[in-house]
Visitor: 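Questions regarding the structure given below will be posed in turn.
Note on naming: letters A, B, ... go to the chains in the order of the sequence lines (proteins, then strands), and numbering restarts at 1 for each one. Quick caveat, the model's predicted, so the values are computed rather than measured.
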Number of protein chains: 2
Amino acid sequence: MRASDKAYAALREDIVEWRLAPGTVLAEVEQSERLGVSRTPLREALGRLTAEGLTTAGGRGVVVTDISLEDIDELFELRETLEGRAAALAARRGDAATFERLQRELLQAPELISGDDPALHDYYELVGRLDTAIDAAISNSYLAQAMRSLRVHLVRIRRLAADDACRLTAAAAEHAAIAEAIAAGNPKLAEAATVVHLHRSLSHVKATHASHPKEHHG
Amino acid sequence: MRASDKAYAALREDIVEWRLAPGTVLAEVEQSERLGVSRTPLREALGRLTAEGLTTAGGRGVVVTDISLEDIDELFELRETLEGRAAALAARRGDAATFERLQRELLQAPELISGDDPALHDYYELVGRLDTAIDAAISNSYLAQAMRSLRVHLVRIRRLAADDACRLTAAAAEHAAIAEAIAAGNPKLAEAATVVHLHRSLSHVKATHASHPKEHHG
DNA sequence: ATCCGACTTTCTGTATACAGAACCCTTGTG
DNA sequence: CACAAGGGTTCTGTATACAGAAAGTCGGAT
């Protein structure tokens, strides 16, 4: 693995896991020493992060980009646009059997959620497989790329919302509805199911954030 | 201006103006000598281009990304998704007076088009102002960023379509219709007008490309 | 004649040294 | 006491040198 990849992966994870708070300045020498790489690959890593929007190139050095409540609204507005369209396209172009299988697995997901942590990991992996299947079904690399670059920011927000078992169970049912609509080849229904899911998800995030707004500033 | 910015601007223009054909390998020493900068800032420029999708980091060196006919379809599918939504949002949130003014200017655009080259530049600048006004009206930085990263690729395609006076006049009328719908605060109409414009534009590009498909391979 | 392998060459990836610029702190003055 | 100017420090931006890897090439063997 290249040193620049290592630095990129480490910094990216530090940012999405909120170990590096928004506003933190990433000085080159400081970070290169911390990560055990030279300044050259570190600069390349910072460039990639800035291109993704996780960091911003300010006057002196790059700073971790802030995510505020208005940003969450904007983020979900774009997400609704992209994923709604993606679901509709997947319903037109996707393979029915693939999504029927995913739907069956998602309907059994509550067993995973009620379990302990390792089972939870299986659940997240299952949801990831649905995303991947949609990406493949739409057969549009530009749209898929736009969704990938969006998901980076969504992971950052997910850490703010304490996903309890109740919400995860509901989310699994919503995902199953999306998979069902795609398998049925119904574009409008697939888009509608996606919009519903995203709105519920957004409401949950905002409700969580409103109740413990300062959890991550300590 | 930094050396990396200079290299980035030069390479980007070379690519979108088709002076660097798709598939061209950009060797670091060769390009750094050609552009008069060192390898370090050149690498940063290549990284930015790769992040935008204009180049691809293959096995050895980076190569100019190819744009095929299927890519054009994919590109316009994403464009319809993003710009359709953007027009709808602008109709809800935009300032009516701004778009009324733009509509009036666009209705007078045929005078610019029938003229010679300097007037044509004024026309392109006017269309750019409409894009900028929509970007500002939606007040969603993530959506705006997604559209900006998409426009880079569209400029590349625009060079393939010989925009004759006939098509430009029609396009101006379509743009005026979009501005009118936004000024009227009608989201569905604004989206529909945008979809119509994009489909006409796509048809024109494909028709042009079908008649002289090999123009840029000499 | 063709295919496999080692060698050579060239390119990328990384480290480091140096120069210029930006920021901060200090000091002097109004 | 406030503010501005100067110097000093620290950081970024750039160039270059070196090492490792990949691709091309040449030679030998089957």
Visitor: Between A:R12 and A:Y8, is NZ or CZ placed under 6.0 angstrom from the six-membered ring centre and within 45° of the ring axis?
Guide: no
Visitor: Does the side chain of B:T65 pick up a donor-acceptor pair with the side chain of B:T56 at under 3.5 Å?
Guide: yes
Visitor: Keeping to residues at least two apart or across chains, list the ring-ring contact (aromatic ring centres under 6.0 Å, His included) pairs with something in residues 135-160 of chain B.
Guide: A:Y142-B:H153, A:H153-B:Y142
Visitor: For B:R34 and B:D14, what are the C-alpha separation, side-chain angles and deciding distance, and is it a salt bridge (Lys or Arg N to Asp or Glu O under 4.0 Å)?
Guide: CA-CA 12 Å; B:R34 182 175 76 92; B:D14 285 342; 2.9 Å; yes
Visitor: Dump the intermediate steps for side chain to side chain contact (heavy atoms under 4.5 Å, CB included) on B:V205 and B:I72, then the final yes or no.
Guide: CA-CA 9 Å; B:V205 170; B:I72 294 179; 4.3 Å; yes
Visitor: Report, as a single string ordered 5' to 3', how protein heavy atoms within less than 4.0 Å touch nucleotides 8-15 of chain D: B base, S sugar-phosphate only, - not at all.
Guide: --BBBBBB
Visitor: What's the verdict on side chain to side chain donor-acceptor pair (under 3.5 Å) for B:S149 and B:E52, showing C-alpha distance, side-chain angles and the deciding distance?
Guide: CA-CA 7 Å; B:S149 64; B:E52 286 180 329; over 6 Å; no
Visitor: Determine, stepwise, if the pair A:S32 / A:S38 fulfils side chain to side chain donor-acceptor pair (under 3.5 Å).
Guide: CA-CA 6 Å; A:S32 66; A:S38 178; over 6 Å; no
Visitor: In degrees rounded to 10°, what angle is found between the helical axes fit to the five outermost pairs at each end of the helix from C:dA1-D:dT30 to C:dG30-D:dC1?
Guide: 20°
